[in-house]
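Heads up, the thing below is written out as structure tokens.
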Amino acid sequence: MLDLKLITGNPEYVKNELKKRNTEIDIENILKLDEERRKIILNVEELKKLRNDTSKEIGIIKKQGGDISEISARMKKVSEEISELDNMLKNVEETLKNILLNIPNIPDETVPVGSDENANVLYKEYGHKPSFDFEPKAHWEIAESLNLVDFEKGATLAKSRFSVYTGFGAKLERALINFMLDVQSENGYKEIIPPFLVNANTMTGTGQLPKFEEELFKCERDELYLIPTAEVPLTNLYADTILSEEDLPIKVTAYTPCFRREAGSYGKDVRGLIRQHQFNKVEIVKIAHPENSMMELELLLEDAEKILQMLGLHYRVMTLCTGDLGFSSSKTYDIEVWLPGQNCYREISSCSNFKDFQARRAGIKFRNKNKKVEFAHTLNGSGLAVGRTFLAILENYQQKDGSVVVPEALRPYLGVDIITK
RNA sequence: GGAGAGAUGGCCGAGUAUGGUCGAAGGCGCUCGCCUGCUAAGCGAGUGUACGCCCAAAAGGUGUACCGAGGGUUCAAAUCCCUCUCUCUCCGCCA
């Protein structure tokens, strides 16, 4: 959520910044509503003061045995007026809040301006594309021939875009989860196991609601949503909290399954593990001081990169342009891993600085040097998407004979050097 | 799922029977100052958040709201009534 005062104070600036990300907002309407809001507050608070003062007088008069019928009748009218104004205020504030909750974040000034993903800018690269003396296969072929994943059973048990990991497939997935958690723990993130179901308030805190309800699996009966990422419970761990400055940055990590409806992506990535309704992810989250959140983003990116480096996977990092930025993010780096079986790079991690956008929604604050309360900055990144790491290993470490070599760093976790039939 | 108890400031805890002078006693903690070889103890002062208004602005001042959440009664609600949520205890069921 943007600061209302920022919008009313610099309407042109906000309008232009949002235009960069293809968002038009009705500033006039916001200004009008805010003015109305303040007018009502002024009015109703004056009446409340009158009522408070008079009520005290009534108490005194009554004690002295005086007559209060006339004055209390007068106050009854005042009270009616107050409740009318209170209702008006509530309406205006609700309308305003709904508008604000649907406005995306302002891009950081270092974010390249562009309308879509084609304008994303290469930030850095690691390693090289591996060369093969045979035609590398797509991971779904490898997974099926080695009996690592049963795609049909996933569809049978649930529906399409669900799959079943079997045998060494399941073991490899678990090995990756443990490996990632260990590395991120070493990187200074405190390990957390959060709920996988959260309520609407929590979803609103990080920006999934109200705008992206369509993307979420919901348990109607219990008014709970399956988390689409551990970012949601991890960040909201600090909702409605005033932290002390010394606590910052807070660093937490969690492995969770993630659930996404993938509404509107019919026909996209239908084969393999790329786009699933349920996938595993190790997430890293930071609550940072506003003064160094940009530096923290760089460090967080490095923490995510480290996993790929240790696994010996080639990747590149893209700075997302304004038009490709997620709703809540002010700046995002996507890490894209090389997939030789598909001859392309695919996103395996997304590292973002949300600045005070989520903090304002969720009420994540800290007390600064001057003892003033200030919104903290929130950041997160995948460290990494486990399913996509799994498939990247299959495609990058496949051998001519159909087997898959296990990256060195993973061997202690898996117990074998090579996965064969 | 059944029965009961409870939810008050950073924490503990009074206030709720008899509605008004209660943003809320007292204690602890914390901050600042004093005192003191050091520490402890002691003494003094301060110590919530949000929003509005005043102020060029910071500081500050002032007003409103907030005693789990929402609604109701009343001139007036921490206090009375209703609904909900959460916590605890006991019983049942269960990984």
Side-chain angles (χ1 to χ4, degrees), chain A residues 1-10 30-101 193-205 209 219-225 233 236-248 250 257 356-376:
Chain A
M1 194 160 61
L2 297 182
D3 185 1
L4 178 59
K5 283 183 184 140
L6 178 73
I7 300 176
T8 57
N10 314 31
I30 295 173
L31 296 179
K32 201 191 83 198
L33 285 166
D34 180 52
E35 207 171 303
E36 204 177 327
R37 169 184 149 262
R38 290 210 312 269
K39 218 166 87 188
I40 299 171
I41 288 174
L42 209 59
N43 207 334
V44 77
E45 287 193 350
E46 196 182 321
L47 289 177
K48 280 180 181 171
K49 167 140 179 60
L50 172 67
R51 180 175 70 181
N52 288 345
D53 291 346
T54 312
S55 289
K56 274 176 196 166
E57 278 172 38
I58 289 175
I60 293 163
I61 293 169
K62 222 178 148 187
K63 205 166 249 177
Q64 293 167 342
D67 177 33
I68 58 158
S69 57
E70 193 199 328
I71 192 166
S72 80
R74 229 180 328 130
M75 280 306 112
K76 192 181 175 74
K77 287 229 171 67
V78 171
S79 272
E80 278 162 12
E81 206 174 327
I82 286 172
S83 76
E84 222 170 279
L85 286 168
D86 268 342
N87 277 334
M88 280 167 66
L89 182 63
K90 208 169 137 192
N91 281 336
V92 170
E93 283 183 333
E94 231 163 74
T95 308
L96 202 50
K97 186 158 192 203
N98 266 325
I99 292 171
L100 290 177
L101 282 177
I193 301 179
F196 300 163
L197 288 161
V198 300
N199 59 33
N201 187 44
T202 301
M203 282 292 185
T204 307
L209 288 179
C219 304
E220 285 289 345
R221 261 179 103 88
D222 303 285
E223 278 294 319
L224 291 169
Y225 298 84
N236 279 288
L237 232 32
Y238 303 94
D240 297 314
T241 306
I242 300 176
L243 301 155
S244 36
E245 195 168 34
E246 306 87 68
D247 295 339
L248 304 178
I250 289 171
D356 63 3
F357 187 86
Q358 293 181 326
R360 182 167 270 115
R361 290 171 163 250
I364 304 173
K365 307 173 185 180
F366 72 100
R367 206 175 294 278
N368 66 21
K369 286 176 204 74
N370 306 319
K371 297 191 173 170
K372 285 272 205 168
V373 172
E374 197 180 332
F375 286 109

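Lettering of chains follows the sequences in order, A, B, ..., and the numbering in each one begins at 1. In what follows, every heavy atom counts, from backbone to side chain, and hydrogens, waters and symmetry copies are set aside.
Classification of A:Lys369 and A:Glu245 as a salt-bridged pair holds, one side-chain N sitting under 4.0 Å from a carboxylate O.
With sequence neighbours left out, A:Glu246 forms a salt bridge (Lys or Arg N to Asp or Glu O under 4.0 Å) with no residue at all. Taking the side-chain contact (heavy atoms from CB on, under 4.5 Å) definition, one finds that A:Asn87 meets it with nothing, sequence neighbours left out. Taking A:Thr95 as the reference, A:Leu33, A:Ile99 meet the side-chain contact (heavy atoms from CB on, under 4.5 Å) condition, with sequence neighbours excluded. Not counting sequence neighbours, A:Tyr238 has no partner by the ring pair (Phe, Tyr, Trp, His ring centres under 6.0 Å) test. Applying the side-chain contact (heavy atoms from CB on, under 4.5 Å) criterion to A:Leu100, with sequence neighbours excluded, gives A:Met1, A:Leu4, A:Ile7, A:Ile103. Annotation: salt bridge (Lys or Arg N to Asp or Glu O under 4.0 Å) contacts of A:Lys97 (sequence neighbours excluded): none. With sequence neighbours excluded, the residues that form a salt bridge (Lys or Arg N to Asp or Glu O under 4.0 Å) with A:Asp3 are A:Arg360.
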Residues 35-45 of chain A, side-chain donor-acceptor partners within the protein, below 3.5 Å, at least two apart:
residue : atom : partner : partner atom : Å
A:Arg37 : NH1  : A:Asp34 : OD1          : 2.5
A:Arg38 : NH1  : A:Asp34 : OD2          : 2.6

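Comparing the C1' positions of B:rC66 and B:rA5 gives a spacing of 26 Å, expressed to the nearest Å. To the nearest whole angstrom, the two P atoms, one in B:rA17 and one in B:rC80, are 5 Å apart. Only the P atoms considered, B:rG63 is 36 Å distant from B:rC82, to the nearest whole Å. Distance noted for atom C1' between B:rG13 and B:rG33: 29 Å (whole Å). The same atom, C1', is picked in B:rC32 and in B:rU87; the two are 38 Å apart, to the nearest Å. Nucleotides B:rU31 and B:rG37, compared at atom P, are 23 Å apart to the nearest Å. Only the C1' atoms considered, B:rC67 is 5 Å distant from B:rA78, to the nearest whole Å. Across the C1' atoms, B:rC22 and B:rG9 are found 13 Å apart, a figure rounded to whole Å.
Heavy-atom distances under 4.0 Å link RNA chain B to A:Ser79, A:Lys90 of residues 77-100 of chain A, given in residue order. Proximity of residues 52-63 of chain A to RNA chain B (heavy atom under 4.0 angstrom from any strand atom) is restricted to A:Asn52, A:Ser55, A:Ile58, A:Gly59, A:Lys62, A:Lys63.
B:rG52 is paired with B:rU62 under the criterion used here, namely a Watson-Crick or G-U wobble arrangement in which both key atom distances are under 3.5 Å. Searching all strands for a Watson-Crick or G-U wobble partner of B:rC11 with both distances below 3.5 Å returns B:rG27. Across every strand in view, B:rC93 sits unpaired, with no contact that passes the Watson-Crick or G-U test at under 3.5 angstrom. Remark: B:rA40 base-pairs with no nucleotide; criterion is Watson-Crick or G-U wobble with both hydrogen-bond distances under 3.5 Å. Within the shown strands, nothing qualifies as a pairing partner of B:rU16 under the Watson-Crick or G-U definition with both distances less than 3.5 Å. With both pairing distances under 3.5 Å, B:rU74 is matched to nothing as a Watson-Crick or G-U wobble pair. Base pairing of B:rU83 is made with B:rA69, judged by Watson-Crick or G-U wobble geometry with both donor-acceptor distances under 3.5 Å.
Among the atoms of the strands shown, none is found under 4.0 Å from any heavy atom of A:Arg74. Within the 4.0 angstrom heavy-atom criterion, only backbone atoms of the sugar-phosphate kind lie near A:Lys5; the bases stay farther away. Within 4.0 Å of A:Val373, counting heavy atoms only, lie sugar-phosphate atoms of the nucleic acid but no base atom.
Pairs engaging residues 61-90 of chain A under the salt bridge (Lys or Arg N to Asp or Glu O under 4.0 Å) rule: A:Lys48-A:Asp86 [sequence neighbours left out].
Side-chain contact of A:Ser244 with A:Asp247: a donor-acceptor pair under 3.5 Å is present, judged by distance alone. Looking at A:Arg361 and A:Thr204, their side chains never bring a donor and an acceptor atom within 3.5 Å of each other. Under 3.5 Å, the side chains of A:Asn199 and A:Thr202 contain a donor-acceptor pair of N or O atoms.
Mapping heavy-atom proximity under 4.0 Å, the span of RNA chain B touched by chain A runs 5' to 3' from B:rG20 to B:rA76.
Between A:Ile242 and A:Ser72, the residue anchored nearer the 5' end of RNA chain B, judged by the nucleotide with its closest heavy atom, is A:Ile242. If A:Glu46 and A:Arg38 are placed on RNA chain B by their nearest nucleotide, the residue sitting closer to the 5' end is A:Arg38.
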